There are 2 protein chains.
Amino acid sequence: MAASVDTSNSSESPASALSPGPSFRPLYDQIKILLTQSLVAGEWKPGEAIPSEMELASRFRVSQGTVRKAIDALAAENILIRRQGKGTYVATHTEPNHQYRFLRITPNVGEMVYPTSIFLDVKRGKASAEIARGLDLKAGAPVTSIHRVLLFSAKPVVLDEVVVPSTKFPLLSLEKLEGSGDGKKGSLYSFFETAYGFRMIRAEERIRAVAADAFTAKTLRVAKGTPLLCVDRIAFTYGDKPVEWRRGLCLTENYSYYNELA
Amino acid sequence: MAASVDTSNSSESPASALSPGPSFRPLYDQIKILLTQSLVAGEWKPGEAIPSEMELASRFRVSQGTVRKAIDALAAENILIRRQGKGTYVATHTEPNHQYRFLRITPNVGEMVYPTSIFLDVKRGKASAEIARGLDLKAGAPVTSIHRVLLFSAKPVVLDEVVVPSTKFPLLSLEKLEGSGDGKKGSLYSFFETAYGFRMIRAEERIRAVAADAFTAKTLRVAKGTPLLCVDRIAFTYGDKPVEWRRGLCLTENYSYYNELA
DNA sequence: GAGTGGTCTAGACCACCCC
DNA sequence: GGGTGGTCTAGACCACTCT
């Protein structure tokens with residue numbers, strides 16, 4: 001117990017000796033870190049409720065308002081979800097709302113439609129230099145790659161290659177992917193969460209335009225050389241650790257990549 | 001004065017009769033709206049400081065904490081900027097930090113580099129159906145379009161077409177664009193702000209892959225048919241009013257569109 | 001030192017959910 | 001009715017900037 005906080009916020013204790021030092025850490029920031037640690041440690045699992053603000057306040061020996069501000073920050077990052085009158089929950093890709101949180105491919109016209117997956121194969125191999133760099137692995141480290149096609153309104157639109165470190169995702173196979181409840185429908189992240197306990201909280205993407213090669217063209221049923229979006233993604237879990245590398249080749253005839261700039 | 005607020009927050013007053021009605025508007029939300037109105041009315045101009053939290057609190061007859069929460073929201077939307085010890089300022093595209101806030105084209109490797117503009121021409125014409133829809137105009141309304149090339153490290157990378165309603169941007173010409181202090185360097189939005197008082201606060205983009213046509217290919221010095229990113233953008237001012245339509249054709253050999261998903 | 005934003009507290013009360 | 005998040009207040013104190 002007695003998990004109280006560094007209330008003596010004076011000049012001492014550089015904490016981790018980085019840049020000259022902020023030499024000042026707001027209390028709510030320390031609380032936020034403690035909450036994140038509990039999340040990483042698995043104290044509260046995705047979908048579960050965390051303790052009430054009052055309880056956390058007394059546990060950390062701060063006021064409710066301070067806990068509140070810490071939770072606000074985590075909620076803004078989509079790591080926690082507040083539900084008035086019920087409690088605060090650990091976000092999960094399993095819920096319908098958050099199933100496709102990272103999906104930016106949308107129809108050019110009409111209502112949103114969500115894709116279904118067709119898995120082509122699952123292979124084990126060695127990380128290329130590019131992938132090793134992105135996933136923070138040694139070059140040549142064992143990785144597992146998944147190939148799939150995304151169907152929108154029953155038509156093939158995206159050819160995906162998904163690469164994860166084999167050590168973190170053991171026993172990954174076609175059967176396991178298709179056997180899982182949310183195989184065809186439901187995002188991969190939902191599967192990663194339930195099957196391996198990895199929750200993705202953030203991702204970075206780089207988009208380029210490329211010409212379809214023979215295989216891709218055939219898979220997406222277009223002419224070789226057709227311009228496609230090439231979307232490279234790195235996804236991160238708690239603690240900003242990269243876990244997944246992904247390359248999507250996307251036909252943008254009837255769909256496009258939507259983005260809001262603020 | 002006496003600009004006080006609807007403190008009687010009871011069930012009455014549907015305000016604008018939309019969905020069944022939230023029938024509850026937090027005080028800070030009303031304050032936020034009042035602040036936005038002052039912004040729209042030009043009471044405080046881009047770059048200027050707004051009154052202190054204390055002063056606003058007494059003006060609106062609420063506590064400092066409530067004003068604070070309203071300002072927090074506007075700061076999160078990049079509409080206001082807080083500076084500890086100095087005051088709260090109206091955000092502007094003029095400042096170096098915010099000059100390229102909406103620019104997502106970044107080098108594949110190495111440090112960020114910012115583009116310079118070469119203006120090709122400025123023409124007046126009528127809004128196409130697509131543009132009229134995007135800018136919320138009548139089809140055929142008078143519009144002014146700017147063509148420019150963006151040079152990164154002195155090499156042509158983007159061919160831009162920028163369309164704005166002529167009524168809102170009168171007397172727009174090549175000379176005016178190039179004569180302005182920030183003609184070649186500096187974003188267009190900086191120019192729009194100083195020359196016409198329009199500040200862009202938000203934008204929506206749709207990205208597709210296309211093949212370069214003859215003119216574009218020549219301009220970007222690549223082969224006709226080269227795959228390019230086609231980035232369509234609509235930019236909005238205060239009150240979410242669309243003001244600018246833009247289409248950028250982007251060579252993604254050494255540059256790519258970067259995006260963070262959270 | 002005066003003024004501004006930033007943190008923290010303690011307590012009252014409201015809106016929502018579920019029993 | 002009791003619990004949870006959400007709003008609002010009033011006041012104390014801290015950190016930063018400028019003069």
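Note that the coordinates shown come from a computational prediction; the quantities given were computed from them, not determined experimentally. Computation of the quantities below employed the complete heavy-atom set of this structure, encompassing side-chain atoms and omitting hydrogens, waters and symmetry-equivalent molecules.
The ring of Phe152(A) has its center no closer than 6.0 angstrom to the ring center of Tyr114(A). Ring centers of Phe198(A) and Tyr189(A): at least 6.0 Å apart, outside the cut-off.
Nearest-nucleotide positions on DNA chain C for Thr66(A) and Lys86(A) put Thr66(A) closer to the 5' end.
With rounding to whole Å, Asp72(B) atom CG is found 9 Å from dT7(C) atom P. Atom CZ in Arg61(B) sits roughly 17 Å away from atom C1' in dA10(D) (whole-Å rounding). In this structure, Gln64(A) atom CD and dG3(D) atom C1' are separated by 12 Å, rounded to whole Å. Spacing between atom CD of Gln84(B) and atom P of dG5(C) amounts to 10 Å, rounded to whole angstrom units.
Not one side-chain nitrogen or oxygen of Tyr28(B) sits closer than 4.0 Å to the OP1 or OP2 atom of dC8(D). The side chain of Arg83(B) contributes no N or O atom lying less than 4.0 Å from OP1 or OP2 of dC16(D). Contact annotation: Lys69(A) does not reach the phosphate of dC8(C) (side-chain N/O to OP1 or OP2, under 4.0 Å).
Cation-pi check for Arg202(A) over Phe236(A) is met; the charged atom lies under 6.0 angstrom from the ring centroid and within 45 degrees of its normal.
Each of dT7(D), dT9(D), dT4(C) was ranked by its minimum atom distance to the side chain of Ser52(B); first place goes to dT4(C). Side-chain proximity of Glu53(A) to the nucleotides dA15(C), dG5(D), dC8(C) is greatest for dG5(D). Comparing dA10(C), dG5(C), dT9(D) against the side chain of Thr88(B) picks out dG5(C) as the nearest. The listed nucleotides are dT9(C), dA15(D), dG6(D); the one nearest the side chain of Phe24(A) is dA15(D).
At the heavy-atom level, Arg68(B) lies under 4.0 Å from base atoms of the strands shown.
A 4.5 Å side-chain heavy-atom check between Trp44(A) and Pro51(A) finds at least one atom pair inside the cut-off.
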